[in-house]
Every structure is written in structure tokens, then in C-alpha cells.
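Below you'll find the structure, written out as C-alpha cells, and then a few comments.
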Amino acid sequence: MKLTTLIVFCIVLLSCSATDNDFDIIGSKEQFTINSSIVNDSYAIYVFLPKNYNSSLANQLIIALDGDTRFTSIANIVSNKVKKNSMPACILVAIGNNQQRNRDYTPTIYAHGSGGAENFYQFIKNELIPELESRYSIDSSNNKTLIGHSFGGLFTQYVMAKERASNPFNKFISGGTSYWYDSGVIFNFEEYYASYNTDLDVIFYNGMGSLEGGVMLASFEEMNNRLRSRNFPNFKHKSELIKKSGHSGSATKIVKKGLDYVFYK
């Protein structure tokens with residue numbers, strides 16, 4: 001009797017502890033290191049080639065931040081969506097070196113960051129993407145996807161506010177964005193873009209956990225309202241509060257919902 005009870009308890013415990021990382025990922029994973037002369041640092045690059053990756057096609061490139069900790073969970077999401085035929089032929093690339101996120105993901109020098117976002121953006125655009133294009137079959141158009149959470153969300157929206165002609169991204173998934181950073185400086189970048197442009201031809205999914213603090217939620221609403229008020233003719237935008245989720249708990253759901261939106265809007 002005691003043995004049966006123990007077995008049942010262990011099964012329940014394992015079921016409760018299961019996460020996205022526990023499921024099988026269908027496809028191949030690779031990793032390499034790239035040295036950046038722009039940032040003067042090196043980055044671990046994690047690559048997932050799902051089963052619909054086709055070396056004879058121009059595959060969609062999805063770039064995710066915080067790769068050291070987020071790669072496996074996002075690869076699992078992509079794998080499951082590919083299995084359900086709800087993703088185009090694609091390749092997922094996650095950028096590591098998370099310990100430098102306060103440098104790389106922040107657009108200005110502030111108490112909690114050293115303002116290296118511009119260099120990091122130039123690294124992605126001028127060093128990482130060309131390297132990826134030399135290794136894999138990737139659509140060379142400026143139609144790539146960028147995913148970031150928290151400081152990564154801050155960087156994602158910073159890149160969205162960059163000029164469009166040379167911007168390699170036109171799909172953005174931002175979660176739990178650190179709008180508070182440097183007294184809301186990201187709003188200044190959005191304002192600057194809107195002052196000099198009459199359109200923002202991108203697809204943007206913006207998510208946040210409903211249990212985030214009041215300042216975060218108010219800033220989230222303000223940014224979404226600002227973007228809608230611009231009336232950019234080709235701007236596609238969805239904002240969503242993830243119910244009963246906090247800052248970290250919302251991340252996976254935001255990626256799932258975001259990928260659905262940006263690829264099938």
C-alpha cells in the first residue's frame with residue numbers, strides 16, 4: 001500500500017513540475033560563437049532548425065534575446081507550432097551572453113544600464129545576420145522577427161523605432177517591456193520616429209502580465225495608445241494583457257501569442 005502511494009505521489013509530482021522544456025523538440029539544434037568587433041565582445045549563438053526548415057527555400061529568420069535562458073523554451077514553442085502547421089518555414093536564432101543584457105539592451109546610460117543598444121543593434125544587423133546568411137538559407141528581405149522580454153522588450157521597441165529602409169526587422173514581439181527605464185526614455189524614441197515619419201510598416205505584438213505593477217501597466221497602456229493614435233496606414237498592432245500572470249510568468253504565453261499574430265495577421 002505504501003509503495004503504491006509513493007508511486008502515485010511521484011507521478012503527480014513529475015506532472016506538476018513539467019514545463020515547456022520537458023517536451024520533445026522536433027528538429028536540429030546547433031551552437032556557435034561569434035566575435036563582434038562592434039561591441040568588442042563574443043556571443044554564444046543558439047540555432048534551432050525546425051522540421052519545416054528547407055535549405056532550398058528562403059526561410060523566415062526569428063531572432064530572440066536572452067538566448068542563454070530562453071532558447072529551449074522558445075524552440076519548443078516553434079517546434080510545436082511547426083508540428084501543427086501554424087508556422088512558415090523558418091529558423092530560430094537566440095543570442096546569448098545574457099550577463100551583458102544591462103549593457104546591450106539599454107538605449108541610454110542610466111543607473112541600471114550602460115546604453116549599448118545602438119552598438120548591439122549594429123552587431124545584429126552588420127555582423128550576426130550576414131554570418132547567419134552565410135551558414136543557412138534565410139530570406140534576405142527586411143522581414144525578420146525580433147523577440148524580447150523585459151530589458152529585451154525595451155531593446156525590441158528601440159529597434160522598432162529605428163529607420164525603416166535599412167532595418168532588417170518588420171515583425172516585433174515585445175513582452176513585459178521595461179518602460180520605466182531612464183524615466184521612460186523609450187517614449188522619446190517613439191516620439192522622435194513619429195515626428196519624422198508618416199508610416200510604420202511593421203507588425204507588432206505587445207504583451208504584459210496582468211499582475212505587473214501599476215507603473216508597468218500604466219506605461220504599457222500609454223505606449224499602446226500612443227501608437228494607435230499615430231494612425232500609421234500600414235501599422236499592424238495588437239496589445240494584450242496575459243491574465244493571472246506576472247513579469248516572468250507571462251513570457252512564454254507572450255511568445256506563443258506573438259508568433260501567432262505576427263505571422264498570421
Side-chain angles (χ1 to χ4, degrees), residues 19-22 25 29-36 38-39 41-48 50 61-81 90-107 110 112-125 127-129 131-132 144-160 168-169 171-181 186 204-209 212 216 220 242 245-259 262:
T19 66
D20 284 336
N21 297 349
D22 297 319
I25 295 176
K29 293 186 286 185
E30 302 176 4
Q31 182 178 338
F32 66 91
T33 299
I34 184 171
N35 297 312
S36 170
I38 296 173
V39 182
D41 204 348
S42 61
Y43 295 87
I45 304 300
Y46 306 90
V47 180
F48 173 55
L61 175 60
I62 303 166
I63 293 183
L65 306 178
D66 288 318
D68 295 333
T69 53
R70 302 290 313 283
F71 172 66
T72 301
S73 63
I74 297 177
N76 182 69
I77 292 169
V78 172
S79 177
N80 286 338
K81 288 185 179 297
C90 63
I91 173 174
L92 169 69
V93 171
I95 306 172
N97 200 6
N98 293 11
Q99 65 268 26
Q100 294 296 339
R101 66 197 310 273
N102 287 23
R103 175 195 68 194
D104 292 340
Y105 301 170
T106 56
Y110 184 56
H112 303 285
S114 53
E118 182 58 28
N119 280 347
F120 188 61
Y121 173 57
Q122 295 301 324
F123 153 68
I124 292 174
K125 185 168 68 168
E127 294 179 326
L128 176 60
I129 290 176
E131 177 65 23
L132 294 171
K144 297 164 181 61
T145 303
L146 182 62
I147 302 173
H149 191 84
S150 194
F151 267 14
L154 181 70
F155 178 78
T156 298
Q157 293 190 41
Y158 170 79
V159 174
M160 191 172 73
F169 300 98
K171 293 181 284 293
F172 300 88
I173 300 171
S174 179
T177 298
S178 301
Y179 289 115
W180 56 267
Y181 183 82
I186 192 62
F204 176 42
Y205 180 88
N206 197 14
M208 184 169 284
E212 292 267 20
M216 288 281 282
F220 175 74
I242 308 303
S245 296
H247 188 66
S248 299
S250 64
T252 298
K253 293 177 182 177
I254 288 170
V255 173
K256 288 179 180 178
K257 290 172 176 286
L259 287 172
V262 300

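Heavy-atom basis, side chains included; hydrogens, waters and symmetry copies ignored. This chain uses plain numbering: 1 for the first residue, then up along the sequence.
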Under the side chain to side chain contact (heavy atoms under 4.5 Å, CB included) test, residues paired with Asn102 that sit two or more places apart:
Phe151
Ring geometry between Tyr43 and Phe123 (parallel below 30°, tilted from 30 to 60°, perpendicular above 60°)
parallel
Locate the shortest heavy-atom distance separating Ser250 from Gly246; write the atom from each residue and the value.
OG-O, 3.1 Å
Where is the tightest heavy-atom contact between Phe169 and Ile124, given as atom of each residue plus distance?
CZ-CG2, 3.9 Å
Flag, side chain of Ser79 to backbone of Ala75, donor-acceptor distance under 3.5 Å:
no
Closest non-hydrogen atom pair between Tyr121 and Pro168, with its separation:
OH-CD, 3.7 Å
Heavy-atom donor-acceptor pair, Thr177 side chain to Tyr179 backbone, under 3.5 Å:
no
Give me the atom names and distance for the closest heavy-atom approach of Leu154 to Tyr105.
CD2-O, 3.8 Å
Just by modelled atom types, is the His247 backbone N or O under 3.5 Å from a matching donor or acceptor in the His149 side chain?
yes
Nearest heavy-atom approach of Ile254 to Met208 is CD1-N, 3.7 Å
For residues Phe71 and Lys29, report the shortest heavy-atom separation together with the two atoms involved.
CE2-CD, 3.6 Å
Students often mix this up, so state it plainly: with edges at 30° and 60°, are the rings of Tyr110 and Tyr181 parallel, tilted or perpendicular?
perpendicular
Gln100: side chain to side chain contact (heavy atoms under 4.5 Å, CB included) partners, not counting sequence neighbours:
Asp41, Asn97, Arg103, Asp104
